[in-house]
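What follows is a single structure, written as structure tokens, with notes after it.
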Amino acid sequence: MKIGVIGGGQLGRMLALAGTPLGMDFAFLDPAADACAARLGEHLRADYDDQEHLRRLADQVDLVTFEFESVPAETVAFLSQFVPVYPSAEALRIARDRLFEKSMFRDLGIPTPAFADIQSQADLEAAVASIGLPAVLKTRTLGYDGKGQKVLRSAEDVAGTFAELGSVPCLLEGFVPFSGEVSLIAVRARDGQTRFYPLVHNTHESGILRLSVASQAHPLQALAEDYVARVLERLDYVGVMAFEFFEVDGGLKANEIAPRVHNSGHWTIEGAECSQFENHLRAVAGLPLGSTAKVGESAMLNFIGEVPAAEKVIAIDGCHLHDYGKAFKAGRKVGHATLRCVDLPTLRARIDEVETLIGN
């Protein structure tokens, strides 16, 4: 089976690494000359709306998936005329737009922060008067890793902010006084079978995920699974989805979904019976889903900007290095380490060991 992937970044690369042992081949469509997944399959260098190259991709693969939600939903809809594409164009359309996403959560009875659609500075000022401060203004599409958003704490922060974010459609969200950030990785097969990984505790720095730690019997696991199942069913979803939540007053409030394999699920490569990447491929290819059970205690630590010396990372017991082969650049995810240990105290000690390597 040959899989087409829209996007040739590290997520596409890890999909190919997971699919190769299953006898799968890969083709990537990505405009970047240095797409890091390209060495693991054929690279069609083209923009995501280039219909000639999209048709070429469709003609040579059995099905198509995508590695990030910046892909236009129209691209997926076009490809769907010629080849199966999972997840669907409708799932992508909703997941890539924060207003559509939050509105879906509300319709499904999933708690969210207060929010408002912002089309102008006047809209922003009216919404701030209603929702209050602090609040967060986010572009409705394309923002990630802290980009395309601004925290508003005072009237001075509000002035001119719509233009500052590009005068594009935005969403204002009330600030949530959360006690923690967690995410749930789920996978749904073509026949509707669904499996969930353990909730993951996430730590962000400057809007970028730094650390994810898989939980032990989290008390909100069942609630998170219920919320995620509602979304999967509504979208008739196929593949892996990540759902990010805020922990608030002993419950959960929805932050956002990602219609793809996700950074907070990288621990599953060594830390679960079947990784999120292999399970995504199993789902979209119509194969049986794999077990999402943990193997020991696991965590993932991102490397931002540069990767520490490989010999130092892999010298740490239970530590596995994933270097994406990307050029080093400030603020860019260029690799990660996954850690697998027998107990949480050991895991915490190993995390500290890896963190001492960052910046050295």
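Residues T338 and S298 are not in side-chain contact: their nearest non-hydrogen atoms beyond the backbone lie 4.5 Å or more apart. Two residues are said to be in side-chain contact when any heavy atoms from C-beta on lie closer than 4.5 Å; H218 and H201 meet this criterion. The shortest side-chain heavy-atom distance between D25 and V61 does not fall under the 4.5 Å cut-off. Looking only at side-chain heavy atoms (C-beta outward), T65 and H280 come within less than 4.5 Å of each other.
The existence of a salt bridge linking R230 and D226 is confirmed by a sub-4.0 Å separation between a basic side-chain nitrogen and an acidic carboxylate oxygen. Taking 4.0 Å as the cut-off between side-chain N and carboxylate O, R55 and E52 do not count as a salt-bridged pair. Salt-bridge annotation for K2 and E42: present, with a side-chain N of the basic residue lying under 4.0 Å from a carboxylate O of the acidic one. Look at R210 and E205 and you find a salt bridge, because one of the NZ, NE, NH1 or NH2 atoms lies within 4.0 Å of a carboxylate O, short of that distance. A salt bridge links R188 with D236; the closest basic N to acidic carboxylate O contact falls under 4.0 Å.
Cation-pi geometry between R260 and F68 is not satisfied (NZ or CZ under 6.0 Å from the ring centre, within 45° of the ring normal).
Annotation: the span from L321 atom CG to F303 atom CZ amounts to 6.0 Å, rounded to 0.5 Å.
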message: Show, in sequence, the C-alpha distance, side-chain angles and deciding distance for E256 and E101, and conclude whether the side-chain contact (heavy atoms from CB on, under 4.5 Å) test is met.
response: CA-CA 7 Å; E256 62 185 16; E101 180 183 64; 3.4 Å; yes
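Between F115 and F105, the ring centre distance reaches or exceeds 6.0 Å. For H266 and F277, the distance between ring centers is under 6.0 angstrom. The aromatic ring centres of Y324 and H336 sit less than 6.0 Å apart.
Shown here are the salt bridge (Lys or Arg N to Asp or Glu O under 4.0 Å) partners of E173, two or more places apart in sequence or in another chain: K102, K138.
L220 and V248 fall into different hydrophobic clusters, defined by Ile, Leu, Val, Met, Phe, Trp and Tyr side-chain heavy atoms under 4.5 Å apart, directly or through other members.
Applying the side-chain hydrogen bond (donor to acceptor under 3.5 Å, both in side chains) test to every pair with at least one member in residues 104-118, sequence neighbours left out, gives these pairs: D117-Q119, D117-R140.
Using a 3.5 Å distance cut-off with no hydrogens or angles, the side chains of S88 and E90 do not pair a donor with an acceptor. At a cut-off of 3.5 Å, with distance as the only test, a side-chain donor of S264 or S183 sits close to an acceptor on the other residue.
Members clustered with V295: none, using a 4.5 Å side-chain heavy-atom cutoff among hydrophobic residues.
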